[in-house]
Number of protein chains: 2
Amino acid sequence: MRAEARKPYDIESLTNVAVRVFAERGYDGASMDDVARAAGITKASIYHHVTGKEALLGRGLRRALDALSAILEEPGSNRGRAGARLEHVVRRVAEVTFDLLPELSVLFRIRGNSPTELEALAHRRRFDRTVASLVRQAQNEGSVRSDIDPGVATRLIFGMSNSTVEWFRADGRSSPGELADAICKVALGGLKI
Amino acid sequence: MRAEARKPYDIESLTNVAVRVFAERGYDGASMDDVARAAGITKASIYHHVTGKEALLGRGLRRALDALSAILEEPGSNRGRAGARLEHVVRRVAEVTFDLLPELSVLFRIRGNSPTELEALAHRRRFDRTVASLVRQAQNEGSVRSDIDPGVATRLIFGMSNSTVEWFRADGRSSPGELADAICKVALGGLKI
DNA sequence: GGCCGTTTACCGACCCTTCGGTAGCCTAGA
DNA sequence: TCTAGGCTACCGAAGGGTCGGTAAACGGCC
(Lines give C-alpha, C1' and ligand atoms only; values in the text may rest on other atoms or scores of the structure.)
Protein backbone atom coordinates (compact mmCIF):
# COMPACT_ATOMS: atom_id res chain seq x y z
CA MET A 1 0.00 0.00 0.00
CA ARG A 2 3.01 2.29 -0.32
CA ALA A 3 2.65 5.51 -2.23
CA GLU A 4 3.57 5.19 -5.86
CA ALA A 5 7.15 6.43 -6.23
CA ARG A 6 6.84 9.62 -8.17
CA LYS A 7 9.37 10.73 -10.73
CA PRO A 8 11.08 13.86 -9.36
CA TYR A 9 9.82 17.14 -10.66
CA ASP A 10 11.61 19.38 -13.11
CA ILE A 11 10.56 22.81 -14.28
CA GLU A 12 8.32 21.50 -17.04
CA SER A 13 6.43 18.95 -14.99
CA LEU A 14 5.99 21.44 -12.16
CA THR A 15 4.67 23.99 -14.62
CA ASN A 16 2.13 21.41 -15.74
CA VAL A 17 0.81 21.15 -12.21
CA ALA A 18 0.85 24.89 -11.57
CA VAL A 19 -0.94 25.76 -14.77
CA ARG A 20 -3.65 23.27 -13.98
CA VAL A 21 -4.14 24.79 -10.54
CA PHE A 22 -4.13 28.32 -11.96
CA ALA A 23 -6.75 27.28 -14.50
CA GLU A 24 -8.96 25.82 -11.80
CA ARG A 25 -8.90 28.56 -9.17
CA GLY A 26 -7.69 31.49 -11.23
CA TYR A 27 -4.13 32.80 -10.92
CA ASP A 28 -4.88 35.24 -8.12
CA GLY A 29 -7.16 32.79 -6.39
CA ALA A 30 -4.50 30.08 -6.34
CA SER A 31 -1.82 30.13 -3.67
CA MET A 32 1.62 28.57 -3.87
CA ASP A 33 0.44 26.18 -1.18
CA ASP A 34 -2.36 25.09 -3.49
CA VAL A 35 0.21 24.35 -6.17
CA ALA A 36 2.41 22.55 -3.68
CA ARG A 37 -0.48 20.43 -2.43
CA ALA A 38 -1.47 19.54 -5.98
CA ALA A 39 2.12 18.56 -6.71
CA GLY A 40 2.42 16.60 -3.51
CA ILE A 41 5.47 18.50 -2.31
CA THR A 42 6.09 21.47 -0.01
CA LYS A 43 5.81 25.07 -1.02
CA ALA A 44 9.49 25.56 -0.30
CA SER A 45 10.38 22.76 -2.69
CA ILE A 46 8.74 24.62 -5.53
CA TYR A 47 11.33 27.36 -5.15
CA HIS A 48 14.02 24.80 -5.83
CA HIS A 49 12.74 24.62 -9.42
CA VAL A 50 11.39 28.04 -10.17
CA THR A 51 12.04 31.60 -8.99
CA GLY A 52 8.49 32.39 -7.98
CA LYS A 53 4.79 32.35 -8.66
CA GLU A 54 4.93 34.86 -11.47
CA ALA A 55 7.59 32.77 -13.21
CA LEU A 56 5.20 29.81 -13.21
CA LEU A 57 2.55 32.02 -14.72
CA GLY A 58 5.00 33.33 -17.30
CA ARG A 59 5.96 29.81 -18.34
CA GLY A 60 2.33 28.83 -18.78
CA LEU A 61 1.54 31.94 -20.77
CA ARG A 62 4.57 31.41 -22.97
CA ARG A 63 3.45 27.91 -23.88
CA ALA A 64 0.04 29.24 -24.83
CA LEU A 65 1.35 32.17 -26.85
CA ASP A 66 3.97 30.09 -28.62
CA ALA A 67 1.36 27.57 -29.66
CA LEU A 68 -0.89 30.32 -31.01
CA SER A 69 1.93 32.04 -32.86
CA ALA A 70 2.98 28.77 -34.44
CA ILE A 71 -0.44 28.49 -36.03
CA LEU A 72 0.16 31.64 -38.02
CA GLU A 73 3.35 30.11 -39.43
CA GLU A 74 1.63 27.01 -40.77
CA PRO A 75 1.26 26.69 -44.56
CA GLY A 76 -2.52 26.56 -44.27
CA SER A 77 -2.49 30.01 -42.69
CA ASN A 78 -0.46 31.53 -45.50
CA ARG A 79 -1.46 29.82 -48.73
CA GLY A 80 -4.68 29.97 -50.66
CA ARG A 81 -7.68 32.26 -50.49
CA ALA A 82 -8.19 34.37 -47.36
CA GLY A 83 -11.45 32.60 -46.59
CA ALA A 84 -9.75 29.21 -46.48
CA ARG A 85 -6.83 30.61 -44.52
CA LEU A 86 -9.22 32.05 -41.96
CA GLU A 87 -10.98 28.74 -41.59
CA HIS A 88 -7.66 27.00 -41.10
CA VAL A 89 -6.64 29.43 -38.36
CA VAL A 90 -9.96 29.14 -36.54
CA ARG A 91 -9.91 25.36 -36.63
CA ARG A 92 -6.30 25.15 -35.51
CA VAL A 93 -6.87 27.61 -32.66
CA ALA A 94 -9.69 25.40 -31.45
CA GLU A 95 -7.51 22.31 -31.69
CA VAL A 96 -4.62 23.98 -29.88
CA THR A 97 -7.04 25.16 -27.22
CA PHE A 98 -8.13 21.61 -26.47
CA ASP A 99 -4.53 20.46 -26.57
CA LEU A 100 -3.24 23.06 -24.12
CA LEU A 101 -6.46 23.51 -22.21
CA PRO A 102 -5.07 24.79 -18.88
CA GLU A 103 -2.48 27.04 -20.48
CA LEU A 104 -4.97 28.70 -22.78
CA SER A 105 -7.49 28.85 -19.96
CA VAL A 106 -5.05 30.91 -17.93
CA LEU A 107 -4.13 33.11 -20.88
CA PHE A 108 -7.75 33.92 -21.64
CA ARG A 109 -8.41 35.09 -18.11
CA ILE A 110 -5.50 37.33 -17.24
CA ARG A 111 -6.29 40.97 -16.56
CA GLY A 112 -2.95 42.74 -16.85
CA ASN A 113 -2.31 42.98 -13.12
CA SER A 114 1.47 42.50 -13.52
CA PRO A 115 4.21 43.06 -16.11
CA THR A 116 4.06 39.38 -17.07
CA GLU A 117 0.35 39.61 -17.72
CA LEU A 118 0.65 42.88 -19.60
CA GLU A 119 3.27 41.45 -21.92
CA ALA A 120 1.11 38.42 -22.62
CA LEU A 121 -1.85 40.65 -23.36
CA ALA A 122 0.23 42.63 -25.83
CA HIS A 123 1.27 39.40 -27.53
CA ARG A 124 -2.30 38.29 -27.76
CA ARG A 125 -3.38 41.59 -29.25
CA ARG A 126 -0.79 41.16 -31.98
CA PHE A 127 -2.27 37.76 -32.76
CA ASP A 128 -5.76 39.22 -32.89
CA ARG A 129 -4.64 42.00 -35.21
CA THR A 130 -3.16 39.49 -37.63
CA VAL A 131 -6.39 37.52 -37.72
CA ALA A 132 -8.42 40.72 -38.08
CA SER A 133 -6.47 41.62 -41.21
CA LEU A 134 -7.16 38.11 -42.48
CA VAL A 135 -10.87 38.72 -41.93
CA ARG A 136 -10.59 41.97 -43.86
CA GLN A 137 -8.95 40.18 -46.78
CA ALA A 138 -11.67 37.56 -46.70
CA GLN A 139 -14.24 40.34 -46.82
CA ASN A 140 -12.50 41.92 -49.79
CA GLU A 141 -12.44 38.69 -51.75
CA GLY A 142 -16.12 38.23 -50.94
CA SER A 143 -15.99 35.10 -48.83
CA VAL A 144 -17.04 36.84 -45.60
CA ARG A 145 -19.89 39.26 -45.06
CA SER A 146 -18.79 42.90 -45.06
CA ASP A 147 -21.40 44.38 -42.74
CA ILE A 148 -19.38 43.56 -39.63
CA ASP A 149 -16.17 45.26 -38.61
CA PRO A 150 -13.17 42.91 -39.00
CA GLY A 151 -11.99 43.60 -35.46
CA VAL A 152 -15.42 42.88 -34.04
CA ALA A 153 -15.75 39.72 -36.11
CA THR A 154 -12.36 38.51 -34.90
CA ARG A 155 -13.27 39.11 -31.28
CA LEU A 156 -16.60 37.36 -31.69
CA ILE A 157 -15.05 34.31 -33.33
CA PHE A 158 -12.43 33.93 -30.65
CA GLY A 159 -14.92 34.84 -27.96
CA MET A 160 -16.86 31.78 -29.01
CA SER A 161 -13.84 29.55 -29.49
CA ASN A 162 -11.99 30.62 -26.36
CA SER A 163 -15.03 30.22 -24.15
CA THR A 164 -14.74 26.47 -24.55
CA VAL A 165 -11.98 26.43 -21.94
CA GLU A 166 -14.67 27.19 -19.38
CA TRP A 167 -16.60 24.01 -19.90
CA PHE A 168 -14.88 21.62 -22.29
CA ARG A 169 -13.40 18.60 -20.53
CA ALA A 170 -11.61 15.86 -22.40
CA ASP A 171 -13.76 13.16 -20.85
CA GLY A 172 -14.53 11.19 -23.96
CA ARG A 173 -18.16 12.28 -24.00
CA SER A 174 -17.49 15.15 -26.36
CA SER A 175 -14.61 14.82 -28.76
CA PRO A 176 -12.29 17.73 -29.58
CA GLY A 177 -12.75 17.10 -33.26
CA GLU A 178 -16.53 17.38 -33.16
CA LEU A 179 -16.35 20.51 -31.06
CA ALA A 180 -13.85 22.12 -33.43
CA ASP A 181 -16.28 21.25 -36.22
CA ALA A 182 -19.14 22.90 -34.37
CA ILE A 183 -17.12 26.05 -33.79
CA CYS A 184 -16.19 26.32 -37.44
CA LYS A 185 -19.78 25.69 -38.49
CA VAL A 186 -21.29 28.31 -36.22
CA ALA A 187 -18.59 30.98 -36.23
CA LEU A 188 -17.68 30.81 -39.91
CA GLY A 189 -21.19 29.91 -41.00
CA GLY A 190 -22.41 33.07 -39.32
CA LEU A 191 -19.85 35.10 -41.22
CA LYS A 192 -20.80 33.68 -44.62
CA ILE A 193 -22.53 36.02 -46.95
CA MET B 1 -10.63 74.82 -5.13
CA ARG B 2 -12.27 72.74 -2.40
CA ALA B 3 -13.01 69.09 -3.03
CA GLU B 4 -16.40 68.54 -4.53
CA ALA B 5 -18.70 67.38 -1.71
CA ARG B 6 -19.57 63.79 -2.50
CA LYS B 7 -22.96 62.36 -1.82
CA PRO B 8 -22.55 59.82 1.02
CA TYR B 9 -22.39 56.20 0.03
CA ASP B 10 -25.10 53.68 0.64
CA ILE B 11 -24.97 49.96 -0.06
CA GLU B 12 -26.01 50.35 -3.66
CA SER B 13 -23.58 53.06 -4.62
CA LEU B 14 -20.75 51.28 -2.83
CA THR B 15 -21.62 48.10 -4.70
CA ASN B 16 -21.33 50.06 -7.92
CA VAL B 17 -17.78 50.99 -7.08
CA ALA B 18 -16.82 47.53 -5.84
CA VAL B 19 -18.22 45.73 -8.85
CA ARG B 20 -16.31 48.03 -11.16
CA VAL B 21 -13.08 47.31 -9.29
CA PHE B 22 -13.77 43.58 -9.28
CA ALA B 23 -14.41 43.68 -13.02
CA GLU B 24 -11.14 45.48 -13.62
CA ARG B 25 -8.72 43.47 -11.50
CA GLY B 26 -10.70 40.29 -11.00
CA TYR B 27 -12.39 39.48 -7.69
CA ASP B 28 -9.39 37.71 -6.19
CA GLY B 29 -6.98 40.24 -7.62
CA ALA B 30 -8.83 43.17 -6.05
CA SER B 31 -8.23 44.04 -2.41
CA MET B 32 -10.62 45.83 -0.11
CA ASP B 33 -8.11 48.66 -0.10
CA ASP B 34 -8.43 48.84 -3.87
CA VAL B 35 -12.18 49.21 -3.47
CA ALA B 36 -11.72 51.77 -0.71
CA ARG B 37 -9.30 53.81 -2.82
CA ALA B 38 -11.66 53.73 -5.78
CA ALA B 39 -14.47 54.90 -3.53
CA GLY B 40 -12.36 57.58 -1.90
CA ILE B 41 -13.00 56.31 1.63
CA THR B 42 -11.16 54.03 4.06
CA LYS B 43 -11.33 50.28 4.11
CA ALA B 44 -12.89 50.45 7.56
CA SER B 45 -15.68 52.63 6.24
CA ILE B 46 -16.71 49.99 3.76
CA TYR B 47 -17.57 47.71 6.66
CA HIS B 48 -20.08 50.26 7.86
CA HIS B 49 -22.16 49.53 4.79
CA VAL B 50 -21.52 45.88 4.07
CA THR B 51 -20.51 42.83 6.07
CA GLY B 52 -17.50 41.90 3.96
CA LYS B 53 -15.85 41.41 0.62
CA GLU B 54 -17.88 38.36 -0.26
CA ALA B 55 -21.10 40.26 0.42
CA LEU B 56 -20.07 42.86 -2.15
CA LEU B 57 -19.46 40.09 -4.63
CA GLY B 58 -22.79 38.50 -3.78
CA ARG B 59 -24.64 41.76 -4.39
CA GLY B 60 -22.97 42.21 -7.76
CA LEU B 61 -23.72 38.65 -8.80
CA ARG B 62 -27.33 38.99 -7.69
CA ARG B 63 -27.82 42.00 -9.90
CA ALA B 64 -26.42 40.12 -12.85
CA LEU B 65 -28.44 36.96 -12.25
CA ASP B 66 -31.66 38.85 -11.60
CA ALA B 67 -31.26 40.74 -14.86
CA LEU B 68 -30.68 37.51 -16.78
CA SER B 69 -33.59 35.74 -15.13
CA ALA B 70 -35.88 38.64 -15.92
CA ILE B 71 -35.19 38.13 -19.61
CA LEU B 72 -36.74 34.69 -19.49
CA GLU B 73 -39.94 36.21 -18.07
CA GLU B 74 -40.38 38.66 -20.90
CA PRO B 75 -43.24 38.03 -23.36
CA GLY B 76 -40.81 37.77 -26.26
CA SER B 77 -39.12 34.84 -24.57
CA ASN B 78 -42.37 32.95 -24.12
CA ARG B 79 -44.59 33.70 -27.09
CA GLY B 80 -44.22 32.70 -30.71
CA ARG B 81 -42.03 30.18 -32.47
CA ALA B 82 -38.98 28.83 -30.67
CA GLY B 83 -36.65 30.34 -33.28
CA ALA B 84 -38.00 33.83 -32.66
CA ARG B 85 -37.95 33.30 -28.89
CA LEU B 86 -34.33 32.23 -29.08
CA GLU B 87 -33.42 35.30 -31.07
CA HIS B 88 -35.19 37.50 -28.53
CA VAL B 89 -33.28 35.93 -25.65
CA VAL B 90 -29.92 36.24 -27.37
CA ARG B 91 -30.49 39.87 -28.28
CA ARG B 92 -31.73 40.77 -24.80
CA VAL B 93 -28.81 39.01 -23.11
CA ALA B 94 -26.46 41.09 -25.22
CA GLU B 95 -28.32 44.28 -24.32
CA VAL B 96 -28.36 43.44 -20.62
CA THR B 97 -24.66 42.64 -20.81
CA PHE B 98 -23.87 46.13 -22.09
CA ASP B 99 -26.21 47.61 -19.54
CA LEU B 100 -24.69 45.86 -16.53
CA LEU B 101 -21.20 45.50 -17.94
CA PRO B 102 -19.21 45.23 -14.69
CA GLU B 103 -21.72 42.97 -12.97
CA LEU B 104 -21.87 40.54 -15.87
CA SER B 105 -18.13 40.77 -16.28
CA VAL B 106 -17.69 39.55 -12.72
CA LEU B 107 -20.31 36.84 -13.13
CA PHE B 108 -18.70 35.46 -16.25
CA ARG B 109 -15.35 35.08 -14.54
CA ILE B 110 -16.10 33.44 -11.22
CA ARG B 111 -14.66 29.99 -10.63
CA GLY B 112 -16.63 28.62 -7.71
CA ASN B 113 -14.00 29.36 -5.08
CA SER B 114 -16.59 30.16 -2.38
CA PRO B 115 -20.19 29.33 -1.49
CA THR B 116 -21.32 32.63 -2.98
CA GLU B 117 -19.64 31.81 -6.26
CA LEU B 118 -20.91 28.25 -6.30
CA GLU B 119 -24.49 29.40 -5.82
CA ALA B 120 -24.16 31.91 -8.63
CA LEU B 121 -22.73 29.24 -10.91
CA ALA B 122 -25.67 26.97 -10.14
CA HIS B 123 -28.03 29.82 -10.99
CA ARG B 124 -26.26 30.40 -14.24
CA ARG B 125 -26.41 26.74 -15.15
CA ARG B 126 -30.18 26.82 -14.68
CA PHE B 127 -30.35 29.74 -17.08
CA ASP B 128 -28.23 27.89 -19.61
CA ARG B 129 -30.40 24.79 -19.36
CA THR B 130 -33.50 26.81 -20.08
CA VAL B 131 -31.93 28.30 -23.17
CA ALA B 132 -30.63 24.89 -24.24
CA SER B 133 -34.15 23.52 -24.20
CA LEU B 134 -35.20 26.51 -26.28
CA VAL B 135 -32.51 25.60 -28.80
CA ARG B 136 -33.82 22.05 -28.89
CA GLN B 137 -37.33 23.28 -29.59
CA ALA B 138 -36.00 25.49 -32.35
CA GLN B 139 -34.25 22.48 -33.82
CA ASN B 140 -37.46 20.44 -33.68
CA GLU B 141 -39.46 23.11 -35.47
CA GLY B 142 -36.70 23.30 -38.07
CA SER B 143 -35.47 26.84 -37.54
CA VAL B 144 -32.06 25.80 -36.20
CA ARG B 145 -29.63 23.24 -37.61
CA SER B 146 -29.84 19.90 -35.85
CA ASP B 147 -26.27 18.69 -36.31
CA ILE B 148 -25.07 20.48 -33.18
CA ASP B 149 -25.95 19.46 -29.63
CA PRO B 150 -28.30 22.01 -28.03
CA GLY B 151 -26.09 22.33 -24.96
CA VAL B 152 -23.02 22.94 -27.09
CA ALA B 153 -24.86 25.45 -29.26
CA THR B 154 -26.04 27.32 -26.17
CA ARG B 155 -22.55 27.49 -24.75
CA LEU B 156 -21.11 28.66 -28.06
CA ILE B 157 -23.72 31.39 -28.43
CA PHE B 158 -23.16 32.73 -24.95
CA GLY B 159 -19.44 32.19 -25.24
CA MET B 160 -19.50 34.66 -28.09
CA SER B 161 -21.95 37.05 -26.48
CA ASN B 162 -20.40 36.98 -23.02
CA SER B 163 -16.89 37.53 -24.31
CA THR B 164 -17.83 41.09 -25.18
CA VAL B 165 -17.38 42.07 -21.53
CA GLU B 166 -13.65 41.62 -22.08
CA TRP B 167 -13.33 44.34 -24.67
CA PHE B 168 -16.54 46.29 -25.19
CA ARG B 169 -16.39 49.76 -23.73
CA ALA B 170 -19.31 52.17 -23.96
CA ASP B 171 -17.16 54.90 -25.47
CA GLY B 172 -19.45 55.96 -28.29
CA ARG B 173 -17.18 54.49 -30.96
CA SER B 174 -19.06 51.22 -31.02
CA SER B 175 -22.73 51.31 -30.14
CA PRO B 176 -24.38 48.61 -28.05
CA GLY B 177 -27.14 48.28 -30.62
CA GLU B 178 -24.81 47.59 -33.51
CA LEU B 179 -22.84 45.08 -31.48
CA ALA B 180 -26.00 43.26 -30.41
CA ASP B 181 -26.91 43.15 -34.09
CA ALA B 182 -23.54 41.66 -34.97
CA ILE B 183 -23.86 39.00 -32.29
CA CYS B 184 -27.31 37.98 -33.50
CA LYS B 185 -26.12 37.90 -37.10
CA VAL B 186 -23.09 35.73 -36.43
CA ALA B 187 -24.35 33.49 -33.64
CA LEU B 188 -27.85 32.89 -34.98
CA GLY B 189 -26.79 33.07 -38.63
CA GLY B 190 -24.34 30.29 -37.90
CA LEU B 191 -27.11 28.20 -36.43
CA LYS B 192 -29.45 28.61 -39.39
CA ILE B 193 -30.01 25.58 -41.52
C1' DG C 1 -35.60 78.29 18.17
C1' DG C 2 -32.64 75.95 21.16
C1' DC C 3 -31.65 71.68 23.31
C1' DC C 4 -31.00 66.51 23.25
C1' DG C 5 -30.77 61.81 22.07
C1' DT C 6 -30.05 59.14 17.89
C1' DT C 7 -28.44 57.80 13.51
C1' DT C 8 -25.42 57.97 9.51
C1' DA C 9 -21.04 58.00 7.46
C1' DC C 10 -16.64 57.90 8.25
C1' DC C 11 -11.63 57.45 10.25
C1' DG C 12 -6.97 55.68 12.38
C1' DA C 13 -5.04 52.03 14.70
C1' DC C 14 -4.98 47.55 15.24
C1' DC C 15 -5.57 42.16 14.97
C1' DC C 16 -5.03 37.74 13.01
C1' DT C 17 -4.34 34.88 9.06
C1' DT C 18 -2.54 33.91 4.75
C1' DC C 19 0.62 34.91 1.36
C1' DG C 20 4.94 34.77 -1.36
C1' DG C 21 9.41 33.84 -0.41
C1' DT C 22 14.03 32.48 2.25
C1' DA C 23 17.54 29.83 5.03
C1' DG C 24 19.46 25.90 6.14
C1' DC C 25 19.41 20.99 6.87
C1' DC C 26 18.72 16.12 5.19
C1' DT C 27 18.96 12.12 2.15
C1' DA C 28 19.13 8.97 -1.72
C1' DG C 29 21.52 7.82 -5.57
C1' DA C 30 25.02 8.61 -9.52
C1' DT D 1 31.32 12.67 -2.12
C1' DC D 2 28.60 15.68 -4.55
C1' DT D 3 24.32 17.17 -5.88
C1' DA D 4 19.42 17.12 -7.08
C1' DG D 5 15.26 17.24 -4.80
C1' DG D 6 13.15 17.56 -1.01
C1' DC D 7 12.06 19.01 3.99
C1' DT D 8 11.17 21.98 8.47
C1' DA D 9 11.13 26.29 10.23
C1' DC D 10 10.77 30.74 9.60
C1' DC D 11 10.10 35.90 7.82
C1' DG D 12 7.99 40.37 6.38
C1' DA D 13 4.16 42.06 3.92
C1' DA D 14 -0.42 42.18 2.58
C1' DG D 15 -4.80 40.50 3.14
C1' DG D 16 -9.67 40.71 5.27
C1' DG D 17 -11.81 42.28 9.11
C1' DT D 18 -12.54 44.68 14.02
C1' DC D 19 -12.57 48.36 17.52
C1' DG D 20 -13.33 52.63 19.58
C1' DG D 21 -14.30 56.89 18.50
C1' DT D 22 -15.92 61.45 15.96
C1' DA D 23 -18.35 64.86 13.28
C1' DA D 24 -22.31 66.16 11.22
C1' DA D 25 -27.08 65.66 10.13
C1' DC D 26 -31.76 64.41 11.85
C1' DG D 27 -35.86 64.51 14.24
C1' DG D 28 -38.78 65.51 18.36
C1' DC D 29 -40.19 68.41 21.97
C1' DC D 30 -40.60 71.98 25.34
Side-chain angles (χ1 to χ4, degrees), chain A residues 2-61 106 110-118, chain B residues 2-61 106 110-118:
Chain A
R2 70 177 186 84
E4 183 68 29
R6 193 197 66 247
K7 181 170 17 158
Y9 283 109
D10 61 3
I11 315 185
E12 289 309 316
S13 54
L14 236 188
T15 304
N16 290 343
V17 175
V19 158
R20 236 169 287 147
V21 174
F22 293 164
E24 225 167 90
R25 329 255 290 206
Y27 175 69
D28 287 313
S31 73
M32 288 298 266
D33 261 325
D34 289 333
V35 177
R37 247 192 310 276
I41 59 178
T42 355
K43 187 177 55 158
S45 302
I46 295 178
Y47 289 86
H48 175 71
H49 300 282
V50 80
T51 63
K53 192 188 184 189
E54 208 169 330
L56 282 173
L57 174 65
R59 291 189 147 267
L61 294 177
V106 171
I110 57 174
R111 311 250 49 186
N113 289 342
S114 68
T116 307
E117 298 189 21
L118 284 171
Chain B
R2 70 176 187 86
E4 182 67 29
R6 193 198 68 246
K7 179 163 29 149
Y9 283 108
D10 61 3
I11 315 183
E12 290 309 316
S13 54
L14 235 191
T15 304
N16 291 342
V17 176
V19 158
R20 236 169 287 147
V21 174
F22 292 165
E24 226 166 90
R25 329 253 291 204
Y27 175 69
D28 287 314
S31 75
M32 287 298 265
D33 262 324
D34 288 334
V35 176
R37 247 192 309 277
I41 61 179
T42 5
K43 189 175 57 157
S45 302
I46 295 178
Y47 289 86
H48 174 69
H49 299 281
V50 81
T51 63
K53 193 188 182 190
E54 207 170 330
L56 282 173
L57 174 66
R59 293 189 146 266
L61 293 177
V106 171
I110 56 174
R111 312 250 48 185
N113 290 342
S114 67
T116 308
E117 299 189 21
L118 284 171

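Just so it is clear: chains get the letters A, B, ... in the order the sequence lines come, proteins before strands, and each one is counted from 1.
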Closest non-hydrogen atom pair, A:A36 against A:T42: CB-C, 3.6 Å
Length of the CG-C1' vector between B:L56 and D:dG16, whole Å: 12 Å
Residue from B:R59, B:K53, B:E54 passing side-chain contact (heavy atoms from CB on, under 4.5 Å) with B:T116: B:E54
Distance-minimising heavy-atom pair for B:R25 and A:D28: O-OD2, 4.2 Å
Nearest-Å distance for atom pair CD1/C1', residues B:I46 and C:dT8: 17 Å
Rounded distance (Å) that lies between atom P of C:dT8 and atom CD1 of B:I41: 16 Å
Below 4.0 Å: OP1/OP2 of C:dC11 and any side-chain N or O of B:S45: yes
Interatomic spacing from CG in B:N16 to CD1 in B:I11 - rounded to 0.5 Å: 12.0 Å
Strand-adjacent residues in residues 11-23 of chain B, judged by heavy atoms under 4.0 Å from DNA chain C: none
B:S13 vs B:H49 side-chain heavy atoms within contact, under 4.5 Å: no
Between C1' of D:dA14 and CZ of B:R37, the distance in whole Å: 12 Å
Residue pair B:Y9 / B:L14: nearest heavy atoms and the distance that separates them: CD2-N, 3.9 Å
side-chain N/O B:H49 vs C:dC10 OP1/OP2, d < 4.0 Å: yes
Sugar-phosphate or base contact per nucleotide [nucleotides 17-30 of chain C; S, B, -; heavy atom under 4.0 Å]: --SBBBB-------
Taking every non-hydrogen atom, the tightest pair across B:V106 and B:A23: CG2-N, 3.7 Å
Taking every non-hydrogen atom, the tightest pair across B:V17 and B:A38: CG1-CB, 3.8 Å
Under 4.0 angstrom between B:T42 side-chain N/O and C:dC10 OP1 or OP2: no
